[in-house]
Amino acid sequence: MAFFPENFGSVASGLPKHRLDFLHRHECQVCPLYKQVGLQHPQMPASGAERPLVYILAEAPGAEEDKEGVQLVGKAGQVLRFRIPGRWLSKIRWNNVIRSRPPGNREPTEEEIEACRPSVQRDIETSKPKAIFGFGNVPLHWAIGKNGITNWCGRRIPIRVGEHVCWFFPIIHPSYISRMRRFQPSHIDAYGCDEEVAFAHDLRRAFESINNLPEPVVHTEDMAREGIEIITGRNRGDLARVLDFLHFAIDKKLVGFDYETNAIRPYGENAKILTVALSHRESTLAFALHHREAGWSASDKAALGTAIHQFLMEHRGRKVVHQLPFELEWSAQCFGQEVVRAGRWGCSLSQAYILDERPNTNSLDFLCLQYFGINLKALSQVNVKNLDADNLEEVMGYNGLDAKYHRLLYIEQSLRIKDEGRQKVYQHQLRRIPTMVLTQIKGVPVDIPTVDYFYRKYTKLLAKVEGKIKQNKAAERFRKLKKYDFRPSSLHDVSFALYKMLKIYGSGTNEAALSHIKHPLAKLVLRWRKINKQLSTYIKPLLPEAGNVYNGVVHPTYGVTHTRSWRTSSSDPNIQNQPKHGDSKEVRRQIRPGGDLRIVACDYSGIQARNVAMESRDPRLVKAFWDGYDIHGDWAHRIARHAPQWLKGGTLKDKDTFKIYRQKAKNGMVFASFFGAGAATVGRHLSIPEEIARDLIEEFWDSFPKIKNWHLTLKENYHSTGYVEALSGFRRHAPVSYNEMINTPIQSDEAIIICDAMARLSEKDDPRLQPNIEVHDDLTFILPKHEVDKCVEIIVKEMLTISFPWINVPLGVEVSVGKDWYDMEKLGEFTSDKLGLGPVRP
DNA sequence: TGCTCACGCGCG
DNA sequence: AAAGCGCGCGTGAGCA
């Protein structure tokens, strides 16, 4: 008897095969726990229903369980049993991955788990449950060979346990919930900690799904490899075969598609697509393109290029890939930008992200294990980092498997998206991909001489500060004590020097902490950090040797499947965090298109506050945006009334003072309250006593009752559904903290507004209207000087067009223009209501 | 040497 | 019962 299927070979990680066989053969006789004394119920048998629907599998018996001889009757068991509906109790069977209590409740070892596996497996084979609910990491690893319960919980995975195939539901271990709880919930709708919401919801969904579970299918290696054909280009007829297949696929509704390349980005001189794979139903074809071992002649390659281009332009179905931005960017660079919007595409990664936004859960490997119970990665031995050096057949095998599973995964997830009513959100997600890719390709112009100038300037500045640090008395003392130079970059060194050696009163090493310290060393450390940040984060990545700038253009990547809030992110290098304030801002001079070109930045003004109005529909806040009521100024006055000491002797009658305190009221009080801050935080922000802050907040909620209401409704909905949903339709799943719960809709509404406007501009197919940069509330363009006015008119109109029914306040856009990204001057400010674009005033 | 982690800090 | 959140990247530290 095979104790576990081959495709879960990783279950055995750590133990050599002979040792596993030994443990499986002799079971309890060789179990390290066998000889343990003092156990009241060693080798505890499974209990409960003989033919259960649900098999509850926990880690190991605890003290209470050992005493009673029944699984999950201790504290953790109570947490779990509290949430199991009574009608289910007769349909459940209980067991643990190991059946004897380990000393001191320590985690069971792999040896113990494997010694116990045959008996647990036999019990499952005999009792034939429809589903196994596995609690915590130990059963998860037992079932699929993976750790990471917080990533896996709430899913269902088809698994094979010996002769029995069933569904596995990973759920957080109740003992973790019990430990995290801050109070004991008195009824089923109360939750003692954020994680308990996830726990309860996962459990409820698992029970609810039992009666309409599909047949579980666990893919084997043979199933995975079936129907994959590879073409090297070395044989007669190879070219015809590829052309044939492309012709065959051209009218197929759903084609899995995948490239293997020798680089992540397609911009470098040597960037090449090595192999290509297409998959349709039972036939998958992977063929060589520019791989080192490909057998094509130059004319073959030209013919292939033409054929692929034609396929991309004329394919009438949908090409489905995993991580569409990648395939689109390469397609555009290698076959022409016109292919980006020529055909229809699908993205299984985007589907996964829309269904569940948790990070690190959206790789093809993860999802294939989730949906098909197969460990795809284990089937290939390719070196992903250097595919061109790898064996061609191996690379194509890998490529073919990927394309095949893109398609299969897409089909599975399409059903799930439909079931959960997520089509509309997925469509929005899909729409922003070509939009973002075209912005990536357009890139951002870098002025090389300026980069060079800043590099020299900041290198010198850094050397100067380092010289001063060397001469510093305290740093000298540090050197004598520690026998090495004081490093401003080391938090250890900084902390030791200031708090241990110099015995300065305080703690912490961040700017807030160090800025209060008078000692020159603290000042020097801060100065060093500032300069080093400029140099290493904003200047060095633009130097030629960093390899980010191609022909004077940098192409930051936009992530559209990474964030917990549906915002985009930017990387390699990050273009969304370039300094904008104070002295640091000057590095923006590096972004300069030159000639007659101008940088034009269009910012949505106060978009997040407007999102709060949209979400809450609070009458006073909504009115503020229609009538121009100055909330922040009003609250500056109110704070001053409650806490006159706040003004430190100044008066709000003075214009400059008012401006400063209006800003403080905005950030410290108004926005903080919108986002769920409490009295302690507001008091700290405003430097006023917590009790006064509490009174202010009370008054604030009296003024904006529906905002508070909205917070509470969000919480209620979150508790009943297990996720937070925004007006945008984006969902964030448990566990979500109270403040995250408030923030998520705001950020995701903001994201859909800007991405929608960006997509509309991009779809006009006018290269001038394709933004070069997107920064959450800002679209930045590069335009010829004489076309700025004309283009801004179109851009502003598109950005201010109201395209969602839930927008209940006017939108505003502020435009500024400059020769580089530093010297930007305001061009104008526009609002949707004044342009007659709506929305309708409520 | 390569990996993960915490921290600090830039933006929204 | 109380509660600012969302990113990416450079750095050192600790571990294998």
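All values derive from a computational prediction rather than experimental measurement. A note on names: the letters A, B, ... follow the listed sequences, proteins ahead of strands, and every chain is numbered from 1. Side chains are part of it too, since the values below use all heavy atoms of this structure and drop only hydrogens, waters and symmetry mates.
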Under the side chain to side chain donor-acceptor pair (under 3.5 Å) rule, what pairs show up with a residue in residues 579-588 of chain A, not counting sequence neighbours?
A:K457-A:E586, A:Y458-A:E586

Once base and sugar-phosphate atoms are separated, protein heavy atoms under 4.0 Å mark nucleotides 1-11 of chain C, 5' to 3', with B, S and - as BBBBBBSBSSS

Examine A:K482 relative to A:Y484 and say whether NZ or CZ is less than 6.0 Å from the centre of the six-membered ring and inside a 45° cone about the ring axis.
no

Donor-acceptor pairs under 3.5 angstrom involving side-chain atoms of residues 693-703 of chain A: please list them, not counting sequence neighbours.
| from | atom 1 | to | atom 2 | distance (Å) |
| --- | --- | --- | --- | --- |
| A:R694 | NH2 | A:E690 | OE2 | 2.9 |
| A:E699 | OE1 | A:H642 | NE2 | 3.2 |
| A:E699 | OE2 | A:R638 | NH1 | 2.9 |
| A:S703 | OG | A:R638 | NH1 | 3.4 |
| A:S703 | OG | A:E699 | O | 3.2 |

Is it true that A:T568 and A:E774 share a donor-acceptor pair across their side chains at a distance under 3.5 Å?
yes

Decide ring-ring contact (aromatic ring centres under 6.0 Å, His included) for A:F804 and A:H428; before the verdict, give the C-alpha distance in whole Å, the side-chain angles of both, and the deciding distance to 0.1 Å.
CA-CA 12 Å; A:F804 299 100; A:H428 277 294; 5.7 Å; yes

Specify whether A:W152 and A:F366 have parallel, tilted or perpendicular ring planes, treating 30° as the upper limit for parallel and 60° as the lower limit for perpendicular.
parallel

What nucleic acid atoms does A:S673 come within less than 4.0 Å of, heavy atoms only: base, sugar-phosphate, or nothing?
nothing

With sugar-phosphate meaning primed atoms plus P, OP1 and OP2, does A:E750 contact a base, only sugar-phosphate, or nothing at under 4.0 Å between heavy atoms?
nothing

Spacing of the P atoms in B:dG12 and C:dG4 (rounded, Å):
22 Å

Is the shortest side-chain N to carboxylate O distance from A:R564 to A:E740 below 4.0 Å?
no

Please find the pair of heavy atoms, one from A:L779 and one from A:P771, that lie closest to each other, and give the distance.
CD2-CG, 4.2 Å

From the 5' end of DNA chain B to its 3' end, which nucleotides mark the outer limits of contact with chain A, defined by a 4.0 Å heavy-atom distance cut-off (strictly under)?
B:dC3 to B:dG12

For A:Q747 and A:Q608, what are the C-alpha separation, side-chain angles and deciding distance, and is it a side chain to side chain donor-acceptor pair (under 3.5 Å)?
CA-CA 7 Å; A:Q747 287 199 358; A:Q608 291 206 343; 5.6 Å; no

Could you summarise the pairing of DNA chain C as dot-bracket text, marking Watson-Crick and G-U pairs under 3.5 Å with ( ) or [ ] inside the strand and | across strands?
....||||||||||||

Taking only residues two or more places apart in sequence, or in another chain, which ones meet A:Y267 in a ring pair (Phe, Tyr, Trp, His ring centres under 6.0 Å)?
A:Y550, A:H555

